[in-house]
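For reference, the structure discussed in these notes is given below.
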Amino acid sequence: MISFSIWLLLACSVLTGLDATMEVMKDVTLGFGEALQSCREESQLTEDKMEEFFHFWRDDFKFEDREVGCAIKCMSSHFNLLTDSHRMHHENTDTFIKSFPNGEVLSKRMVNIIHTCEQQFDALEDHCWRILRIAECFKVTCKKEGIAPTMELLMAEFIMEADPS
């Protein structure tokens with residue numbers, strides 16, 4: 001009986017840890033998304049594409065449009081997350097992630113994922129296409145590692161933010 005209790009306690013702490021990382025990823029996603037409106041014109045994102053952007057974490061989100069990469073580049077620049085060569089600024093990205101509640105739980109992991117994805121696509125010269133490929137790699141890796149926020153979690157947050165009461 002005692003071993004079952006210990007196992008249950010460990011399982012709950014692991015699940016709580018996973019929930020915590022998803023919560024952090026949700027917060028970072030929503031915080032990063034705050035720059036989307038100001039980047040709409042610069043990246044030539046249509047209203048339809050902007051609407052699609054809110055479904056980034058869905059399995060069926062398509063990484064086909066250069067404009068989406070340009071929007072992500074603009075948003076990254078908005079938060080000073082890119083160097084002059086349009087590569088991730090590691091220190092600023094780490095600081096940005098840590099600015100969210102419990103961000104320190106995921107900051108190094110996220111920076112490492114982005115860096116690994118960046119290395120895979122470093123040869124792409126067009127910054128928008130390269131950043132789009134990096135974003136796709138990032139999403140796939142986060143989903144594989146179980147740290148991607150669920151659409152339910154994001155939608156619940158949207159509803160809470162929209163509710164004036």
- Go through the steps for Thr141 and Cys117 under the test side chain to side chain contact (heavy atoms under 4.5 Å, CB included), then give the verdict. CA-CA 9 Å; Thr141 304; Cys117 291; 4.2 Å; yes
- Query: Taking it one step at a time, do Met75 and Glu34 satisfy side chain to side chain contact (heavy atoms under 4.5 Å, CB included)?
  - Reply: CA-CA 8 Å; Met75 293 161 68; Glu34 289 177 9; over 6 Å; no
- Criterion side chain to side chain contact (heavy atoms under 4.5 Å, CB included) on Phe56 and Phe63, from CA distance to verdict: CA-CA 9 Å; Phe56 177 85; Phe63 291 86; 3.5 Å; yes
- Using the salt bridge (charged side-chain N to carboxylate O under 4.0 Å, His left out) rule, take Asp122 and Arg87 through it: C-alpha gap first, then chi angles, then the decisive distance, then the call. CA-CA 9 Å; Asp122 197 52; Arg87 295 331 189 245; 2.9 Å; yes
- Task: Tell me, with the steps shown, if Met110 and Asp94 meet side chain to side chain contact (heavy atoms under 4.5 Å, CB included).
- Result: CA-CA 8 Å; Met110 286 177 67; Asp94 184 60; over 6 Å; no
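Atom CD of Glu67 sits about 14.0 Å away from atom CE of Met50, to the nearest 0.5 Å. Atom NE2 in His78 sits 7.0 Å away from atom SG in Cys39 (nearest 0.5 Å). Rounded to the nearest 0.5 Å, atoms OG (Ser77) and NE2 (His127) are 10.0 Å apart. The CD1 atom of Ile131 lies 5.0 Å from the CG atom of Leu82; values are rounded to the nearest 0.5 Å. Rounding to the nearest 0.5 Å places CG of Leu132 at 9.5 Å from CZ of Phe121. Rounding to the nearest 0.5 angstrom, the gap separating the CD atom in Glu125 from the CZ atom in Arg130 is 10.0 Å.
For the pair Glu42/Cys70, no side-chain contact is recorded, criterion being any heavy-atom separation below 4.5 Å from C-beta on. The shortest side-chain heavy-atom distance between Leu124 and Arg133 falls under the 4.5 Å cut-off. Annotation: side chain of Ile147 is not in contact with side chain of Val24 (no heavy-atom distance under 4.5 Å). A 4.5 Å side-chain heavy-atom check between Asp126 and Arg66 finds at least one atom pair inside the cut-off. Considering only heavy atoms from C-beta on, Lys62 stays 4.5 Å or farther from Val68 through its side chain. Residues Cys142 and Trp57 form a side-chain contact, since some pair of their non-hydrogen atoms from C-beta on lies under 4.5 Å apart. By the 4.5 Å heavy-atom criterion applied to side chains, Phe32 and Leu81 are counted as neighbours.
Between Val111 and the choices Thr93, Thr116, Leu106, the side-chain contact (heavy atoms from CB on, under 4.5 Å) rule is met once, by Thr93. Just one of Leu30, Val28, Thr29 meets the side-chain contact (heavy atoms from CB on, under 4.5 Å) condition when paired with Lys26; it is Leu30.
Looking at Lys139 and Glu136, no side-chain N of the basic residue comes within less than 4.0 Å of a carboxylate O on the acidic one, giving no salt bridge. Ion pairing of Arg109 with Glu145 is present here, as a side-chain N (NZ or NE/NH1/NH2) and a carboxylate O approach within less than 4.0 Å.
Remark: Asp84 CG is loosely packed, at most 12 non-hydrogen atoms of other residues, nucleotides or ligands lying under 6.0 Å away. At most 12 non-hydrogen atoms from other residues, nucleotides or ligands lie less than 6.0 angstrom from NZ of Lys108.
The two residues Ala71 and Leu36 come nearest to each other via the heavy atoms CB-CD1, 4.4 Å. In terms of heavy atoms, Ser38 sits closest to Ala35 at OG-O, 2.9 Å. When all heavy atoms are compared, the tightest approach of Gly31 to Phe96 is C-CZ, 4.3 Å. The heavy-atom pair separating Met22 from Ala148 by the smallest distance is CG-O, 3.5 Å.
Panel note: side chain Glu118, backbone Met88; a donor-acceptor pair is recorded below 3.5 Å. The closest donor-acceptor contact from the side chain of His89 to the backbone of Asn92 lies under 3.5 Å. Asp27 places no side-chain N or O within 3.5 Å of a backbone atom of Phe100 that could act as its donor or acceptor partner. A side-chain donor-acceptor contact under 3.5 Å links Thr46 to the backbone of Lys49.
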